[in-house]
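One structure is given below, encoded as structure tokens.
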Amino acid sequence: MLEAFEAYLREQLGQGHVWVRSGGTRGYVFTDKQPESMAAGHLYEFTFRNPMASRSFELTTRKPHGLGNYPVPILINGRYVTCANGNYLIKLGSVFSFFLDC
């Protein structure tokens, strides 16, 4: 899933730098705009050099409801990422890694 997400990031934000900031339980926001300070966000390091999409994602402004305490939604430029099955793309907040799920 990480490779597909990184491919989607490239589709949405291009080949330049990608920055990420944590909004706590509100989500992780990915953008191509550098934050004002390093305390506000950091450069995202891609795992895959040339990621190839294997799943389809879409962006929506609809806020997810009922995710619980640990799942944290993923956003790109302020819009939520949804998976092909209609679920929101999330990072599992209780896992000490970048584990994604739909």
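Side chains included, hydrogens not; waters and symmetry mates left out as well; all remaining heavy atoms used. This is a predicted model, so every value here is computed, not measured.
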- Query: What heavy-atom pair brings C102 and N87 nearest, and what distance separates the two atoms?
  - Reply: C-CB, 3.7 Å
- Message: So, taking the atom named CD in E3 and the one named OG1 in T47, what distance separates them when rounded to the nearest 0.5 Å?
- Response: 10.0 Å
Please list, one pair per line, the donor and acceptor atoms closer than 3.5 Å that link side chains of residues 74-82 to other protein atoms, with sequence neighbours excluded.
from: N77; atom 1: OD1; to: T31; atom 2: OG1; distance (Å): 2.7
from: T82; atom 1: OG1; to: E58; atom 2: O; distance (Å): 3.3

- Query: Do the side chains of P73 and K63 get nearer than 4.5 Å, heavy atoms only?
  - Reply: no
- Message: Just to verify, what does Y88 make a side chain to side chain donor-acceptor pair (under 3.5 Å) with, not counting sequence neighbours?
- Response: none
- Message: Under the rule for ring-ring contact (aromatic ring centres under 6.0 Å, His included), what residues qualify as partners of F46, not counting sequence neighbours?
- Response: Y44
- Query: Which residues satisfy the side-chain contact (heavy atoms from CB on, under 4.5 Å) test with R49, sequence neighbours excluded?
  - Reply: none
- Search all heavy atoms of M52 against all heavy atoms of A7 and return the closest pair with its distance. C-CB, 3.8 Å
- The side-chain contact (heavy atoms from CB on, under 4.5 Å) partners of N50 (sequence neighbours excluded) come to none
- Pairs satisfying side-chain hydrogen bond (donor to acceptor under 3.5 Å, both in side chains), at least one member in residues 33-42, at least two apart: none
- For A84, enumerate each residue passing the side-chain contact (heavy atoms from CB on, under 4.5 Å) test, keeping only those at least two apart in sequence or located in another chain. S56
- Short side-chain to backbone donor-acceptor contact, E6 and P51, under 3.5 Å: no
For residues 8-19, tabulate all N or O donor-acceptor pairs below 3.5 Å that involve a side-chain atom, not counting sequence neighbours.
from: Y8; atom 1: OH; to: Q12; atom 2: NE2; distance (Å): 3.4
from: R10; atom 1: NH1; to: G14; atom 2: O; distance (Å): 3.1
from: R10; atom 1: NH1; to: Q15; atom 2: O; distance (Å): 3.3
from: R10; atom 1: NH1; to: G16; atom 2: O; distance (Å): 2.8

- Task: Give the minimum heavy-atom separation between G27 and V72, together with the two atoms involved.
- Result: CA-CG1, 3.3 Å
